[in-house]
Amino acid sequence: MSIRTRFAPSPTGYLHIGGVRTALFNWLLTKRHAGTFVLRIEDTDTERNKPEALQPILDGFRWLGIQWDEGPEVNGPYAPYFQSQRFDTYKDAALRMLAEGHAYPDYMTKEQLDADRKAAEAAKKPYIHRGPHRDTSPAECVKLYEATPAALRLKVPAGRSVVIDDIIRGRVEVQTDTIGDPVILRADSRPLYNFAVVVDDVAMKITHVVRAAEHLSNTPTQVLIYEALQYPQPTFAHVPVVNEPGSKKKLSKRDMKKFVTVDVKAKLRAIGYTDEQIESRDDLNPATVAFYRELGYLPTAIVNYLARLGWSLDDKAEKIDLADMIANFALERVNSAPASFDPDKLYWLAGEYMKELPLKDKLVGCLPYLQRAGMIGATPSDEEKRKLATIITAAGDRLKLFSDVLTYGASFYRADPTYETKAVEKRLKKAGAADLLRAFAADLAKVDPWDAATVDRCLHDFCASRNIKSAELVHPVRVAATGAEVGIGLFDTLAILGRDETARRIQLALKLVQI
RNA sequence: GGCCCUGUCGUCUAGAGGCCUAGGACACGGCCCUUUCAAGGCCGCGACACGGGUUCGAAUCCCGUCAGGGUCACCA
(Lines give C-alpha, C1' and ligand atoms only; values in the text may rest on other atoms or scores of the structure.)
Protein backbone atom coordinates (compact mmCIF):
# COMPACT_ATOMS: atom_id res chain seq x y z
CA MET A 1 0.00 0.00 0.00
CA SER A 2 1.23 3.39 -0.92
CA ILE A 3 1.92 5.72 1.96
CA ARG A 4 0.04 8.94 2.52
CA THR A 5 1.21 11.72 4.82
CA ARG A 6 -0.09 15.14 5.61
CA PHE A 7 0.86 18.49 7.02
CA ALA A 8 -1.99 20.41 8.59
CA PRO A 9 -1.29 24.05 9.39
CA SER A 10 -3.80 26.52 10.70
CA PRO A 11 -3.85 29.79 8.83
CA THR A 12 -2.93 32.10 11.68
CA GLY A 13 0.21 33.73 10.31
CA TYR A 14 3.36 33.25 8.27
CA LEU A 15 4.86 29.85 7.74
CA HIS A 16 6.82 28.92 10.85
CA ILE A 17 10.29 27.48 10.44
CA GLY A 18 9.51 24.65 12.86
CA GLY A 19 6.37 23.83 10.92
CA VAL A 20 8.34 23.68 7.72
CA ARG A 21 10.72 21.20 9.29
CA THR A 22 7.81 18.95 10.21
CA ALA A 23 6.26 19.33 6.76
CA LEU A 24 9.64 18.56 5.20
CA PHE A 25 9.94 15.28 7.07
CA ASN A 26 6.49 14.31 5.87
CA TRP A 27 7.34 15.28 2.35
CA LEU A 28 10.70 13.50 2.32
CA LEU A 29 9.06 10.36 3.62
CA THR A 30 6.48 10.38 0.86
CA LYS A 31 9.04 11.14 -1.83
CA ARG A 32 11.19 8.31 -0.55
CA HIS A 33 8.33 5.86 -0.88
CA ALA A 34 6.61 7.42 -3.88
CA GLY A 35 3.61 8.22 -1.73
CA THR A 36 1.22 11.14 -1.51
CA PHE A 37 1.71 14.28 0.55
CA VAL A 38 -1.48 16.05 1.58
CA LEU A 39 -1.78 19.64 2.71
CA ARG A 40 -4.83 20.18 4.85
CA ILE A 41 -5.89 23.50 6.30
CA GLU A 42 -7.09 23.30 9.88
CA ASP A 43 -9.35 26.30 10.13
CA THR A 44 -12.02 25.09 12.50
CA ASP A 45 -11.40 27.89 14.96
CA THR A 46 -13.40 30.48 13.10
CA GLU A 47 -12.46 33.21 15.57
CA ARG A 48 -8.71 32.92 15.13
CA ASN A 49 -8.62 32.18 11.47
CA LYS A 50 -7.06 34.63 9.09
CA PRO A 51 -8.00 33.73 5.54
CA GLU A 52 -5.31 36.06 4.24
CA ALA A 53 -2.73 33.90 6.00
CA LEU A 54 -3.28 31.02 3.60
CA GLN A 55 -1.47 32.44 0.60
CA PRO A 56 1.82 33.10 2.40
CA ILE A 57 1.82 29.49 3.61
CA LEU A 58 1.29 28.14 0.11
CA ASP A 59 3.87 30.56 -1.30
CA GLY A 60 6.37 29.52 1.34
CA PHE A 61 6.08 25.85 0.52
CA ARG A 62 6.24 26.46 -3.20
CA TRP A 63 9.32 28.61 -2.80
CA LEU A 64 11.01 25.80 -0.90
CA GLY A 65 10.02 23.31 -3.55
CA ILE A 66 7.80 21.38 -1.18
CA GLN A 67 4.83 20.73 -3.42
CA TRP A 68 1.78 18.99 -2.02
CA ASP A 69 0.03 16.33 -4.07
CA GLU A 70 -3.39 17.02 -2.64
CA GLY A 71 -4.70 20.12 -0.95
CA PRO A 72 -5.56 23.78 -1.61
CA GLU A 73 -5.44 24.82 -5.26
CA VAL A 74 -4.46 21.37 -6.50
CA ASN A 75 -7.39 19.53 -4.89
CA GLY A 76 -7.63 15.74 -5.05
CA PRO A 77 -9.91 12.80 -4.40
CA TYR A 78 -10.62 13.66 -0.78
CA ALA A 79 -11.51 17.32 -1.23
CA PRO A 80 -12.31 19.67 0.33
CA TYR A 81 -9.00 20.10 2.15
CA PHE A 82 -10.23 22.85 4.40
CA GLN A 83 -11.68 21.67 7.66
CA SER A 84 -14.09 24.58 7.68
CA GLN A 85 -15.75 22.97 4.67
CA ARG A 86 -16.05 19.56 6.25
CA PHE A 87 -18.26 20.25 9.23
CA ASP A 88 -20.91 17.76 8.13
CA THR A 89 -18.41 14.92 8.15
CA TYR A 90 -17.42 15.67 11.72
CA LYS A 91 -20.98 15.98 12.86
CA ASP A 92 -21.88 12.62 11.35
CA ALA A 93 -19.00 10.93 13.11
CA ALA A 94 -19.80 12.63 16.41
CA LEU A 95 -23.44 11.64 16.20
CA ARG A 96 -22.43 8.07 15.58
CA MET A 97 -20.27 8.16 18.68
CA LEU A 98 -23.18 9.57 20.60
CA ALA A 99 -25.53 6.83 19.41
CA GLU A 100 -22.98 4.11 20.12
CA GLY A 101 -22.30 5.30 23.64
CA HIS A 102 -18.82 6.77 23.14
CA ALA A 103 -19.90 10.35 23.56
CA TYR A 104 -22.32 12.29 25.71
CA PRO A 105 -23.70 15.82 25.82
CA ASP A 106 -22.35 18.13 28.47
CA TYR A 107 -24.50 21.03 29.63
CA MET A 108 -22.02 22.49 32.07
CA THR A 109 -21.30 26.16 31.53
CA LYS A 110 -17.90 27.67 31.03
CA GLU A 111 -18.19 29.26 34.47
CA GLN A 112 -18.88 25.94 36.16
CA LEU A 113 -15.97 24.30 34.36
CA ASP A 114 -13.61 27.09 35.30
CA ALA A 115 -14.73 26.91 38.91
CA ASP A 116 -14.13 23.16 39.01
CA ARG A 117 -10.74 23.58 37.45
CA LYS A 118 -9.77 26.24 39.97
CA ALA A 119 -11.02 24.15 42.87
CA ALA A 120 -8.97 21.16 41.73
CA GLU A 121 -5.95 23.39 41.33
CA ALA A 122 -6.42 24.78 44.84
CA ALA A 123 -6.66 21.26 46.20
CA LYS A 124 -3.48 20.40 44.28
CA LYS A 125 -5.33 17.67 42.48
CA PRO A 126 -5.16 17.16 38.73
CA TYR A 127 -8.37 18.22 37.05
CA ILE A 128 -9.87 15.42 35.04
CA HIS A 129 -13.25 16.34 33.69
CA ARG A 130 -16.09 13.84 33.77
CA GLY A 131 -19.46 15.25 32.74
CA PRO A 132 -22.71 14.52 34.57
CA HIS A 133 -24.14 12.53 31.64
CA ARG A 134 -21.14 10.27 31.28
CA ASP A 135 -23.10 7.31 32.54
CA THR A 136 -26.45 8.19 31.04
CA SER A 137 -27.56 5.57 28.52
CA PRO A 138 -26.80 6.15 24.82
CA ALA A 139 -30.49 6.31 23.95
CA GLU A 140 -31.11 8.86 26.69
CA CYS A 141 -28.09 10.91 25.58
CA VAL A 142 -29.38 11.03 22.01
CA LYS A 143 -32.78 12.17 23.24
CA LEU A 144 -31.21 14.82 25.41
CA TYR A 145 -29.01 16.05 22.58
CA GLU A 146 -31.85 16.19 20.09
CA ALA A 147 -33.91 18.24 22.53
CA THR A 148 -31.10 20.66 23.34
CA PRO A 149 -27.80 20.43 21.48
CA ALA A 150 -24.73 20.83 23.67
CA ALA A 151 -21.05 20.23 23.52
CA LEU A 152 -20.34 16.56 22.94
CA ARG A 153 -17.62 14.88 24.95
CA LEU A 154 -15.72 11.68 24.35
CA LYS A 155 -16.37 9.14 27.06
CA VAL A 156 -12.83 8.17 27.99
CA PRO A 157 -12.89 4.53 29.13
CA ALA A 158 -11.96 4.08 32.77
CA GLY A 159 -9.17 2.11 34.30
CA ARG A 160 -7.07 1.00 31.38
CA SER A 161 -4.11 2.20 29.41
CA VAL A 162 -3.53 3.44 25.90
CA VAL A 163 -0.39 2.39 24.10
CA ILE A 164 1.16 4.33 21.27
CA ASP A 165 3.80 2.72 19.11
CA ASP A 166 5.76 5.68 17.90
CA ILE A 167 8.47 5.18 15.30
CA ILE A 168 10.66 7.83 16.86
CA ARG A 169 9.78 7.47 20.53
CA GLY A 170 9.06 3.82 20.82
CA ARG A 171 6.31 2.57 23.09
CA VAL A 172 4.46 5.22 25.07
CA GLU A 173 1.84 4.12 27.56
CA VAL A 174 -0.68 6.39 29.26
CA GLN A 175 -3.39 5.58 31.81
CA THR A 176 -6.88 6.63 30.73
CA ASP A 177 -7.63 7.81 34.26
CA THR A 178 -5.25 10.70 33.66
CA ILE A 179 -7.16 11.89 30.61
CA GLY A 180 -10.20 14.15 30.97
CA ASP A 181 -13.20 13.70 28.68
CA PRO A 182 -12.46 16.06 25.80
CA VAL A 183 -15.06 18.02 23.88
CA ILE A 184 -15.22 16.71 20.33
CA LEU A 185 -17.99 18.89 18.95
CA ARG A 186 -19.25 22.26 20.10
CA ALA A 187 -22.94 22.91 20.59
CA ASP A 188 -22.95 24.76 17.25
CA SER A 189 -21.45 21.67 15.59
CA ARG A 190 -17.97 23.06 15.02
CA PRO A 191 -15.49 20.27 15.76
CA LEU A 192 -12.41 20.46 17.96
CA TYR A 193 -8.92 19.73 16.86
CA ASN A 194 -8.41 16.33 18.46
CA PHE A 195 -11.56 15.07 16.88
CA ALA A 196 -11.31 16.69 13.46
CA VAL A 197 -7.77 15.39 12.89
CA VAL A 198 -8.82 11.82 13.51
CA VAL A 199 -11.86 12.04 11.28
CA ASP A 200 -9.86 13.69 8.51
CA ASP A 201 -6.81 11.50 8.76
CA VAL A 202 -9.07 8.52 8.30
CA ALA A 203 -11.16 10.16 5.58
CA MET A 204 -8.01 11.13 3.70
CA LYS A 205 -6.47 7.70 4.22
CA ILE A 206 -3.38 9.02 5.97
CA THR A 207 -1.03 6.14 6.74
CA HIS A 208 1.70 8.01 8.61
CA VAL A 209 1.02 10.80 11.05
CA VAL A 210 4.31 12.65 11.33
CA ARG A 211 4.00 15.71 13.52
CA ALA A 212 5.76 17.71 16.20
CA ALA A 213 6.41 16.14 19.59
CA GLU A 214 4.23 18.75 21.25
CA HIS A 215 1.31 16.68 19.96
CA LEU A 216 2.43 13.54 21.71
CA SER A 217 0.23 14.27 24.69
CA ASN A 218 -2.80 14.62 22.38
CA THR A 219 -2.20 11.25 20.83
CA PRO A 220 -3.73 9.00 23.51
CA THR A 221 -6.97 10.97 23.25
CA GLN A 222 -6.90 10.56 19.51
CA VAL A 223 -6.20 6.87 19.75
CA LEU A 224 -9.30 6.56 21.91
CA ILE A 225 -11.29 8.31 19.20
CA TYR A 226 -9.93 5.92 16.57
CA GLU A 227 -11.08 3.08 18.79
CA ALA A 228 -14.51 4.53 19.44
CA LEU A 229 -15.10 5.03 15.74
CA GLN A 230 -13.58 1.62 14.97
CA TYR A 231 -11.14 3.22 12.62
CA PRO A 232 -7.79 1.69 11.69
CA GLN A 233 -4.90 3.56 13.30
CA PRO A 234 -2.10 5.18 11.33
CA THR A 235 1.57 4.87 12.17
CA PHE A 236 2.68 7.66 14.49
CA ALA A 237 6.00 9.48 14.48
CA HIS A 238 6.52 12.47 16.73
CA VAL A 239 9.45 14.53 15.63
CA PRO A 240 11.34 16.57 18.22
CA VAL A 241 10.56 20.24 18.51
CA VAL A 242 12.92 22.88 17.15
CA ASN A 243 14.39 25.05 19.85
CA GLU A 244 15.40 28.64 19.72
CA PRO A 245 19.14 29.32 19.38
CA GLY A 246 20.99 29.36 22.66
CA SER A 247 18.02 28.21 24.67
CA LYS A 248 16.13 25.03 25.31
CA LYS A 249 12.78 26.59 24.57
CA LYS A 250 10.57 25.96 21.61
CA LEU A 251 11.23 28.40 18.81
CA SER A 252 8.65 31.16 18.98
CA LYS A 253 7.94 34.23 16.94
CA ARG A 254 8.13 36.55 19.89
CA ASP A 255 11.50 35.35 21.08
CA MET A 256 13.05 35.02 17.65
CA LYS A 257 12.82 38.74 17.16
CA LYS A 258 15.98 39.16 19.17
CA PHE A 259 17.92 37.32 16.49
CA VAL A 260 17.51 40.29 14.24
CA THR A 261 21.06 41.30 15.11
CA VAL A 262 22.67 44.60 14.14
CA ASP A 263 24.11 42.75 11.17
CA VAL A 264 20.77 41.46 9.99
CA LYS A 265 19.18 44.83 10.63
CA ALA A 266 21.79 46.48 8.44
CA LYS A 267 21.00 44.05 5.67
CA LEU A 268 17.27 44.64 5.94
CA ARG A 269 17.80 48.38 5.93
CA ALA A 270 19.98 48.09 2.86
CA ILE A 271 17.19 46.18 1.15
CA GLY A 272 14.93 49.12 1.91
CA TYR A 273 13.00 48.30 5.06
CA THR A 274 12.46 50.89 7.74
CA ASP A 275 13.24 50.21 11.38
CA GLU A 276 9.56 50.26 12.10
CA GLN A 277 8.87 47.57 9.51
CA ILE A 278 11.75 45.47 10.75
CA GLU A 279 10.27 45.67 14.20
CA SER A 280 6.69 44.86 13.38
CA ARG A 281 6.42 42.79 10.23
CA ASP A 282 5.85 39.08 10.60
CA ASP A 283 7.67 38.23 7.39
CA LEU A 284 10.77 39.93 8.79
CA ASN A 285 10.79 37.63 11.79
CA PRO A 286 13.52 34.95 11.82
CA ALA A 287 10.95 32.40 12.97
CA THR A 288 9.28 32.54 9.55
CA VAL A 289 10.56 31.27 6.20
CA ALA A 290 9.56 34.55 4.60
CA PHE A 291 12.39 36.22 6.51
CA TYR A 292 15.02 34.05 4.85
CA ARG A 293 13.45 34.57 1.49
CA GLU A 294 13.58 38.33 1.98
CA LEU A 295 17.27 38.16 2.79
CA GLY A 296 17.98 36.08 -0.28
CA TYR A 297 18.79 32.71 1.22
CA LEU A 298 18.70 29.89 -1.30
CA PRO A 299 15.69 27.65 -0.62
CA THR A 300 17.83 24.57 -1.23
CA ALA A 301 20.04 25.59 1.68
CA ILE A 302 17.06 26.01 3.98
CA VAL A 303 15.68 22.63 3.07
CA ASN A 304 19.06 21.01 3.61
CA TYR A 305 19.58 22.77 6.92
CA LEU A 306 16.13 21.94 8.24
CA ALA A 307 16.48 18.30 7.23
CA ARG A 308 19.68 18.07 9.26
CA LEU A 309 17.86 19.32 12.33
CA GLY A 310 17.09 16.01 13.92
CA TRP A 311 18.05 13.82 10.99
CA SER A 312 21.40 12.79 9.58
CA LEU A 313 22.51 10.78 6.59
CA ASP A 314 25.68 9.41 8.13
CA ASP A 315 28.59 10.56 10.26
CA LYS A 316 29.92 13.11 7.76
CA ALA A 317 27.42 14.58 5.35
CA GLU A 318 26.32 18.17 5.93
CA LYS A 319 25.59 19.35 2.45
CA ILE A 320 23.16 16.80 1.13
CA ASP A 321 21.41 17.37 -2.16
CA LEU A 322 17.72 16.75 -2.46
CA ALA A 323 18.07 13.50 -4.37
CA ASP A 324 20.24 12.04 -1.62
CA MET A 325 17.88 13.26 1.05
CA ILE A 326 14.95 11.62 -0.66
CA ALA A 327 16.83 8.43 -1.39
CA ASN A 328 17.92 8.04 2.22
CA PHE A 329 15.35 9.66 4.45
CA ALA A 330 14.02 7.39 7.17
CA LEU A 331 12.04 8.21 10.28
CA GLU A 332 14.08 5.58 12.09
CA ARG A 333 17.05 7.92 11.78
CA VAL A 334 15.28 10.91 13.26
CA ASN A 335 16.52 11.84 16.72
CA SER A 336 14.18 11.97 19.63
CA ALA A 337 15.86 14.89 21.38
CA PRO A 338 14.99 18.48 20.50
CA ALA A 339 17.35 20.41 18.22
CA SER A 340 18.34 24.05 18.46
CA PHE A 341 18.12 26.20 15.40
CA ASP A 342 21.56 27.62 14.58
CA PRO A 343 21.50 30.69 12.33
CA ASP A 344 25.29 30.54 11.90
CA LYS A 345 25.24 27.10 10.43
CA LEU A 346 22.36 27.95 8.14
CA TYR A 347 24.28 30.99 6.91
CA TRP A 348 27.32 28.82 6.23
CA LEU A 349 25.24 26.31 4.31
CA ALA A 350 23.61 29.09 2.32
CA GLY A 351 27.10 30.09 1.22
CA GLU A 352 27.94 26.53 0.24
CA TYR A 353 24.92 26.37 -2.02
CA MET A 354 25.56 29.82 -3.44
CA LYS A 355 29.09 28.79 -4.40
CA GLU A 356 27.83 26.27 -6.87
CA LEU A 357 24.95 28.28 -8.29
CA PRO A 358 25.49 29.14 -11.98
CA LEU A 359 26.17 32.79 -12.72
CA LYS A 360 22.95 33.30 -14.62
CA ASP A 361 20.94 32.15 -11.61
CA LYS A 362 22.88 34.41 -9.29
CA LEU A 363 22.10 37.23 -11.66
CA VAL A 364 18.39 36.52 -11.52
CA GLY A 365 18.52 36.28 -7.74
CA CYS A 366 20.51 39.46 -7.16
CA LEU A 367 18.80 41.70 -9.68
CA PRO A 368 15.64 42.41 -7.64
CA TYR A 369 17.67 43.75 -4.75
CA LEU A 370 19.33 46.35 -6.93
CA GLN A 371 16.03 47.18 -8.58
CA ARG A 372 14.32 47.71 -5.26
CA ALA A 373 17.16 49.98 -4.25
CA GLY A 374 16.56 51.96 -7.45
CA MET A 375 20.04 51.16 -8.74
CA ILE A 376 18.86 49.27 -11.79
CA GLY A 377 15.63 49.89 -13.71
CA ALA A 378 12.76 47.51 -14.20
CA THR A 379 14.05 46.37 -17.57
CA PRO A 380 17.84 46.26 -17.39
CA SER A 381 19.83 46.77 -20.56
CA ASP A 382 22.35 44.21 -21.75
CA GLU A 383 25.09 46.47 -20.56
CA GLU A 384 23.58 46.71 -17.10
CA LYS A 385 23.33 42.95 -17.01
CA ARG A 386 26.94 42.58 -18.08
CA LYS A 387 28.05 44.98 -15.39
CA LEU A 388 26.12 43.12 -12.74
CA ALA A 389 27.54 39.82 -13.93
CA THR A 390 31.03 41.26 -13.59
CA ILE A 391 30.29 42.44 -10.06
CA ILE A 392 28.85 39.09 -9.03
CA THR A 393 31.77 37.23 -10.51
CA ALA A 394 34.21 39.50 -8.74
CA ALA A 395 32.33 39.06 -5.47
CA GLY A 396 32.87 35.32 -5.76
CA ASP A 397 32.40 33.34 -2.56
CA ARG A 398 31.69 36.49 -0.59
CA LEU A 399 28.18 36.32 -1.92
CA LYS A 400 26.29 33.98 0.38
CA LEU A 401 22.87 35.54 0.14
CA PHE A 402 21.40 37.36 -2.83
CA SER A 403 21.04 40.46 -0.70
CA ASP A 404 24.82 40.44 -0.24
CA VAL A 405 24.99 41.99 -3.68
CA LEU A 406 24.10 45.24 -1.93
CA THR A 407 27.06 44.91 0.40
CA TYR A 408 29.53 44.28 -2.38
CA GLY A 409 27.95 46.02 -5.31
CA ALA A 410 26.06 49.10 -4.11
CA SER A 411 29.03 51.43 -4.34
CA PHE A 412 29.22 50.83 -8.09
CA TYR A 413 25.73 52.21 -8.51
CA ARG A 414 25.93 55.26 -6.32
CA ALA A 415 26.91 58.60 -7.80
CA ASP A 416 29.44 59.12 -5.00
CA PRO A 417 30.74 56.55 -2.54
CA THR A 418 29.38 56.70 0.99
CA TYR A 419 32.53 57.33 2.93
CA GLU A 420 32.58 55.49 6.25
CA THR A 421 34.07 57.66 8.98
CA LYS A 422 36.10 54.84 10.45
CA ALA A 423 37.58 53.87 7.12
CA VAL A 424 38.46 57.46 6.29
CA GLU A 425 40.16 57.95 9.66
CA LYS A 426 42.16 54.79 9.42
CA ARG A 427 43.17 54.76 5.76
CA LEU A 428 42.90 58.22 4.31
CA LYS A 429 43.95 60.45 7.17
CA LYS A 430 47.02 58.35 7.72
CA ALA A 431 50.30 60.19 7.24
CA GLY A 432 51.41 60.09 3.62
CA ALA A 433 48.23 58.54 2.31
CA ALA A 434 47.07 61.67 0.55
CA ASP A 435 50.41 62.20 -1.21
CA LEU A 436 50.45 58.60 -2.38
CA LEU A 437 46.93 58.91 -3.71
CA ARG A 438 47.77 62.08 -5.60
CA ALA A 439 50.82 60.50 -7.17
CA PHE A 440 48.95 57.35 -8.07
CA ALA A 441 46.11 59.36 -9.58
CA ALA A 442 48.61 61.07 -11.84
CA ASP A 443 49.76 57.64 -13.03
CA LEU A 444 46.30 56.43 -13.90
CA ALA A 445 46.62 57.66 -17.45
CA LYS A 446 49.42 55.18 -18.07
CA VAL A 447 47.22 52.17 -17.36
CA ASP A 448 46.46 50.63 -20.72
CA PRO A 449 44.26 48.77 -21.25
CA TRP A 450 42.07 49.51 -18.25
CA ASP A 451 41.38 46.08 -16.85
CA ALA A 452 41.95 44.29 -13.57
CA ALA A 453 45.22 42.61 -14.57
CA THR A 454 46.75 45.80 -15.92
CA VAL A 455 45.64 47.92 -12.98
CA ASP A 456 47.16 45.25 -10.76
CA ARG A 457 50.48 45.38 -12.59
CA CYS A 458 50.64 49.17 -12.70
CA LEU A 459 49.84 49.49 -9.02
CA HIS A 460 52.55 47.03 -8.10
CA ASP A 461 55.06 48.73 -10.39
CA PHE A 462 54.17 52.03 -8.80
CA CYS A 463 54.79 50.62 -5.32
CA ALA A 464 57.98 48.90 -6.35
CA SER A 465 59.38 52.13 -7.81
CA ARG A 466 58.75 53.88 -4.52
CA ASN A 467 59.91 50.96 -2.50
CA ILE A 468 56.71 50.64 -0.48
CA LYS A 469 54.53 47.66 0.27
CA SER A 470 51.51 47.47 -1.99
CA ALA A 471 49.23 47.35 1.03
CA GLU A 472 50.18 50.94 1.80
CA LEU A 473 48.59 52.08 -1.40
CA VAL A 474 45.88 49.47 -1.75
CA HIS A 475 44.08 50.46 1.43
CA PRO A 476 43.75 54.19 0.74
CA VAL A 477 42.77 53.53 -2.85
CA ARG A 478 40.08 51.12 -1.77
CA VAL A 479 38.58 53.57 0.67
CA ALA A 480 38.81 56.38 -1.85
CA ALA A 481 37.08 54.30 -4.50
CA THR A 482 34.36 52.65 -2.44
CA GLY A 483 34.19 54.45 0.88
CA ALA A 484 34.58 51.18 2.77
CA GLU A 485 37.37 49.01 4.08
CA VAL A 486 35.93 45.72 3.01
CA GLY A 487 34.85 44.73 -0.42
CA ILE A 488 35.70 42.72 -3.49
CA GLY A 489 39.23 42.66 -4.90
CA LEU A 490 40.56 46.15 -5.47
CA PHE A 491 41.63 45.61 -9.06
CA ASP A 492 38.25 44.23 -9.97
CA THR A 493 36.72 47.23 -8.22
CA LEU A 494 38.74 49.74 -10.22
CA ALA A 495 38.20 47.84 -13.45
CA ILE A 496 34.45 48.02 -12.96
CA LEU A 497 34.52 51.70 -12.01
CA GLY A 498 36.56 52.66 -15.06
CA ARG A 499 39.47 55.04 -15.35
CA ASP A 500 37.55 58.31 -15.19
CA GLU A 501 35.37 57.33 -12.27
CA THR A 502 38.37 56.01 -10.37
CA ALA A 503 40.17 59.30 -10.91
CA ARG A 504 37.08 61.27 -9.90
CA ARG A 505 36.62 59.30 -6.71
CA ILE A 506 40.26 59.70 -5.73
CA GLN A 507 39.84 63.46 -6.11
CA LEU A 508 36.67 63.27 -4.07
CA ALA A 509 38.50 61.46 -1.29
CA LEU A 510 41.38 63.89 -1.42
CA LYS A 511 39.01 66.79 -1.01
CA LEU A 512 37.40 65.02 1.93
CA VAL A 513 40.69 64.69 3.77
CA GLN A 514 41.72 68.30 3.17
CA ILE A 515 38.67 69.73 4.91
C1' G B 1 1.66 20.37 40.43
C1' G B 2 -0.28 15.76 37.25
C1' C B 3 0.90 13.19 32.84
C1' C B 4 4.44 12.50 29.00
C1' C B 5 9.14 13.19 26.49
C1' U B 6 14.45 14.07 26.39
C1' G B 7 19.77 14.15 28.14
C1' U B 8 27.19 12.83 23.50
C1' C B 9 31.74 19.18 22.53
C1' G B 10 28.61 26.12 23.01
C1' U B 11 25.33 24.22 18.61
C1' C B 12 23.88 20.26 14.76
C1' U B 13 25.24 15.32 14.87
C1' A B 14 28.05 9.94 14.27
C1' G B 15 27.70 6.03 17.71
C1' A B 16 22.87 -0.55 17.55
C1' G B 17 28.23 -3.89 24.01
C1' G B 18 34.72 -4.39 22.18
C1' C B 19 36.02 -0.74 15.67
C1' C B 20 36.13 5.05 21.02
C1' U B 21 42.59 7.64 23.11
C1' A B 22 34.43 9.19 21.32
C1' G B 23 34.46 10.76 14.64
C1' G B 24 32.50 14.89 11.41
C1' A B 25 30.27 19.91 10.76
C1' C B 26 29.08 25.09 12.41
C1' A B 27 30.95 28.58 15.80
C1' C B 28 35.44 30.06 18.39
C1' G B 29 41.13 30.69 18.74
C1' G B 30 45.97 30.38 16.16
C1' C B 31 49.04 29.93 11.82
C1' C B 32 49.59 29.87 6.35
C1' C B 33 47.87 32.16 1.75
C1' U B 34 46.73 37.33 0.82
C1' U B 35 45.49 44.24 -1.16
C1' U B 36 40.74 44.28 2.77
C1' C B 37 36.79 40.94 3.48
C1' A B 38 35.36 36.22 2.05
C1' A B 39 37.05 31.47 0.23
C1' G B 40 40.90 27.73 0.87
C1' G B 41 44.85 24.86 3.71
C1' C B 42 46.92 23.33 8.45
C1' C B 43 46.58 23.20 13.80
C1' G B 44 43.99 23.88 18.32
C1' C B 45 39.91 24.34 22.03
C1' G B 46 35.90 21.34 23.27
C1' A B 47 31.21 16.37 25.15
C1' C B 48 29.18 10.71 26.75
C1' A B 49 24.51 14.85 33.18
C1' C B 50 25.38 12.00 37.91
C1' G B 51 25.13 7.41 40.86
C1' G B 52 24.32 2.37 41.06
C1' G B 53 23.85 -2.27 38.67
C1' U B 54 24.23 -6.27 34.35
C1' U B 55 28.75 -7.89 31.66
C1' C B 56 35.33 -10.27 30.78
C1' G B 57 34.03 -5.41 28.64
C1' A B 58 28.98 0.11 28.80
C1' A B 59 28.39 6.47 25.48
C1' U B 60 25.52 2.07 24.04
C1' C B 61 21.35 -2.46 28.26
C1' C B 62 18.53 -1.93 33.33
C1' C B 63 17.32 1.01 37.78
C1' G B 64 17.53 5.46 40.45
C1' U B 65 18.79 10.65 40.91
C1' C B 66 19.29 15.27 38.82
C1' A B 67 18.43 18.61 34.96
C1' G B 68 15.79 20.47 30.79
C1' G B 69 11.47 20.46 27.79
C1' G B 70 6.36 19.49 26.08
C1' U B 71 1.37 19.37 27.54
C1' C B 72 -2.65 19.84 30.72
C1' A B 73 -8.95 24.65 26.59
C1' C B 74 -15.76 24.31 24.02
C1' C B 75 -6.87 26.75 20.47
C1' A B 76 -4.42 24.10 16.74
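Fair warning: this is a prediction, and the values are worked out from it, not measured in the lab. Note: hydrogens, waters and symmetry copies are ignored here, and every other heavy atom, side chains too, is used. Chain letters run A, B, ... following the sequence lines, proteins first, then strands; residues in each count from 1.
- Looking at A/Lys110, its side chain has no donor and acceptor atom pair within 3.5 Å of the base of B/C74.
- A/Glu121 contributes no side-chain N or O that forms a donor-acceptor pair with the base of B/G1 under 3.5 Å.
- Under 4.0 angstrom from either OP1 or OP2 of B/A76 there lies no side-chain N or O belonging to A/Arg40.
- Summary of the strand contacts: A/Lys250 and A/Ser470 both lie near RNA chain B, and taking for each the nucleotide with the nearest heavy atom, the more 5' one is attributed to A/Ser470.
- Between A/Arg190 atom CZ and B/A73 atom C1' there is a gap of 13 Å when expressed in whole angstrom units.
- The distance between atom CG of A/Leu251 and atom P of B/G68, rounded to the nearest whole Å, is 20 Å.
- Heavy atoms from other residues, nucleotides or ligands lying under 6.0 Å from NZ of A/Lys118 number 12 at most.
- For the residue pair A/His133/A/Tyr145, the side-chain donor-acceptor check at 3.5 Å is not satisfied.
- Using Watson-Crick or G-U wobble geometry with both donor-acceptor distances under 3.5 Å, B/C42 finds its partner in B/G30.
- Side-chain contact annotation: A/Ser312 with A/Arg333, donor-acceptor N/O pair under 3.5 Å present.
- In terms of phosphate contacts, A/Thr178 brings no side-chain nitrogen or oxygen within less than 4.0 Å of OP1 or OP2 of B/C72.
- With hydrogens and angles ignored, a donor-acceptor pair closer than 3.5 Å exists between the side chain of A/Asn218 and the base of B/A76.
- A donor-acceptor contact under 3.5 angstrom links the side-chain atoms of A/Arg398 to the base of B/U36.
- The phosphate of B/U13 (OP1 or OP2) has no side-chain N or O of A/Arg308 nearer than 4.0 angstrom.
- Remark: C1' of B/C4 and CZ of A/Arg169 are 10 Å apart, rounded to the nearest angstrom.
- A/Leu216 has its CG atom 8 Å from the P atom of B/U6, to the nearest Å.
- Nearest-nucleotide positions on RNA chain B for A/Tyr107 and A/Asp344 put A/Asp344 closer to the 5' end.
- Between A/Val334 and A/Pro240, the closest side-chain pair of non-hydrogen atoms falls below 4.5 Å.
- Side-chain polar atoms of A/Asn194 and A/Thr221 form no donor-acceptor pair below 3.5 angstrom.
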